[in-house]
Amino acid sequence: MSSKRKKKGLLDQRFLKQAMVQSFVKLNPVKMVKNPVMFTVEAGTMVMLIVSIFTLINPHGAQGGFYYNFTITFVLLLTLLFANFAEAIAEARGKAQAESLRKTRHDTPANRLLPDGRVEKVSSAILKKGDLFLVAAGEVVPADGEIVEGMASIDESAITGESAPVIRESGGDKSGVTGGTTVLSDSIKVQVTTLPGESFLDKMIALVEGASRQKTPNEIALTILLAGFTLIFIIVCVTLKDYANTLITIASMVSLFVCLIPTTIGGLLSAIGIAGMDRALRANVISKSGKAVETAGDIDVLLLDKTGTITIGNRKATNFYPADSVDILHLIDCSTLASFADQTPEGKSIVELSATRKDIQSLFTAQGKFIKFTAETRSSGIDLADGRKIRKGAYDSIRKMTESCGNKFPAETGLKVKEISENGGTPLVVSENNNVLGVIELQDIIKPGIQERFERLRRMGVKTVMVTGDNPLTAKYIAAKAGVDDFIAEATPEDKLNYIRKEQASGKLVAMMGDGTNDAPALAQADVGVAMNSGTQAAKEAGNMVDLDNDPTKLIEIVEIGKQLLITRGTLTTFSIANDVAKYFAIVPALFITSIPALQSLNIMQLHSPESAILSAVIFNALIIPMLIPLALRGVKYRPIGAGALLRRNLLIYGFGGIIAPFIGIKLIDLIIRFII
């Protein structure tokens, strides 16, 4: 969770109580069988329980004393409980989030708008997809929907944790509203886009429930590998007795088996995956599956919008450049008329700049039909009542319109367009009745520190691609200055979709972020599609993640969260397997040194007795799991270094450390046992 939300520590008392209860509930064999490694440990525990009872009845049998066998049984039970506790505490954190969200969801009254124009008060529970409702200042939005009329300031803190209100309005990519949020000012007309029980809030509750998390492909593959190791060690332990000329008790065989199989990673595997989704949630990102978080860690290509991600986002008009023989005041008047109904930051800035150059009050009375901007025409403007048609838009679009009517595009305007583009600005060409009047210069600012973030991604092996509607010259300038690897200029929805498909065809994994309906195809095609919470319903449905903060740079953080999940799983797997190697040196010499004297050279730990060696190894095997729970939940800190350097670092710290730790730990436990005895 982001800093905007109240953080709960790993040892929060509420989490601990829930996790302790669930640790016992999860002992149910039906639940344990989903984890083959720990299921075999449970089977071994049951065998040892039977042996303990048998030795209690027959204390002089060949299977050792009751207290020794019972101690082994108890330690194996603790191993199971510690492993269950790791998964349970990770789930408890997610369930606490779900409970918090349930408190947000309640039966809200809705002002449903009837076809005849009347308004009736109904429960939000009976609203159906397609219904229209009105929400005024101070009222709670009863259902997810799209604003079809009006603009309002909305408090989304119940969903996002962000206290600052946001503006939502009809007709754009910021038209989506979420049930449970509160309208602070004005009023809006909204059309319901979801069915009851399928709202965004309902989906959030389901998604953050740790228990409903599906295993990812990599996790399933690792589970199969661990199950294979377990099967091999079952065969080894069953056949080992036939090759030893000494009596090996059941307690020794079970202990040897439990210590040699990868119990550490087997007990922590689910917790690592759940914690990865939890870290995404703490960054205010709702992931529709654990697979999406994991895939983010393997991303090869990252598509990022220029505006709002790489640059500040609000491009502003900075100058007017009239064509030869055109009066600059006439250019300003036409630019203003074409921008009155343009509510984008660029359109508003043109009007503001015009007002600093001349008196534009007389223009407010002009009558005409406003022509909206579209991705196809890449221009907007106004058809005035006096017959004049004024357009402003991209250079190639206005040039095509001008030349299609037999008019010549002014050479000096073409040179000015090129100059503005090469300097990182955006040129908007203005025409009147298909005659070019001049060009407006728009300037944007590259966000500070964005170059360093792209360099971090480059060190991760991630290719960054800037997506922009700017012309190729402007796009090239911004891309070079920001440090991105590639760019898509004059991008249409089809361009983005085709680029993603091309990269995927070459075996790459692609991520992108979007908020509009026109982004939906690309979001659905991308391996990781992050939709803005403020975006349209189509975008949120198409993506497999939703960013509650509406932060375009969040995609970079998501990649790091995914890589942290993968690294945490890899490092703990390395540590677990290295542990098994060390425990081999503790148990095997102690068991077989009498019958196989040559094993004396392997008895480097010089433990007190075969019984204390086995007991020390089993106790260490149990204790290492709770010791690693904080690391599994917090994750191994990710550093943007190359794959080779990362492998060397993990082998040095977690491989070498995984070998050394059992030698020290088992020896210390053996000394304590010797002192107690």
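Between Glu560 and Lys563 there is no salt bridge, since none of the side-chain N atoms of the basic residue sits less than 4.0 Å from a carboxylate O of the acidic one.
Using a 4.5 Å heavy-atom threshold, the side chains of Asp580 and Ile261 count as separate. With a 4.5 Å cut-off on side-chain heavy atoms, Lys17 and Met20 do not count as touching. Side-chain contact check for Asp486 versus Lys463: some heavy-atom pair is nearer than 4.5 Å. A heavy-atom distance below 4.5 Å is not found between the side chains of Ile556 and Arg456. For the pair Pro36 and Leu226, the minimum side-chain heavy-atom distance is 4.5 Å or more. Counting heavy atoms from C-beta on, the side chains of Ile72 and Val254 never come closer than 4.5 Å.
Distance check: Phe82 CZ to Leu77 CG gives 9.5 Å after rounding to the nearest 0.5 Å. Residue Ile272 holds its CD1 atom at 11.0 Å from CD of Glu294, rounded to the nearest 0.5 Å. With rounding to the nearest 0.5 angstrom, the OG1 atom of Thr194 is 4.5 Å from the CG atom of Asp144. Atom NZ of Lys637 is separated from atom CD1 of Ile567 by 12.0 Å, given to the nearest 0.5 angstrom. Note that the OG1 atom of Thr264 and the CD1 atom of Ile625 stand 5.5 Å from one another [nearest 0.5 Å]. Within the model, atoms CZ of Arg279 and CD1 of Ile558 stand 14.0 Å from one another, a figure rounded to the nearest 0.5 Å.
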*asked:* Working note: Gln504 + Val301, criterion side-chain contact (heavy atoms from CB on, under 4.5 Å); need CA distance, chi angles, decisive distance, verdict.
replied: CA-CA 9 Å; Gln504 289 174 330; Val301 181; over 6 Å; no
*Step by step, would you call Leu302 with Met513 a side-chain contact (heavy atoms from CB on, under 4.5 Å)?*
CA-CA 9 Å; Leu302 198 58; Met513 177 174 275; over 6 Å; no
*When you look at Met32 and Leu80, which way does the side-chain contact (heavy atoms from CB on, under 4.5 Å) test go after all the steps?*
CA-CA 10 Å; Met32 291 296 296; Leu80 290 170; 3.7 Å; yes
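The local environment of CZ in Phe663 is crowded, with over 12 non-hydrogen atoms from other residues, nucleotides or ligands closer than 6.0 Å. Annotation for Lys31: atom NZ does not count as buried by contact number, only 12 or fewer foreign heavy atoms lying within 6.0 Å.
Taking every heavy atom of both residues into account, Asp670 and Ser612 meet most closely at OD1-OG, 2.6 Å. Of all the heavy atoms in Ile624 and Asn579, the pair that sits closest is CG1-OD1, 4.3 Å.
With no hydrogens or angles considered, a side-chain donor-acceptor pair links Thr263 and Asn621 at under 3.5 Å.
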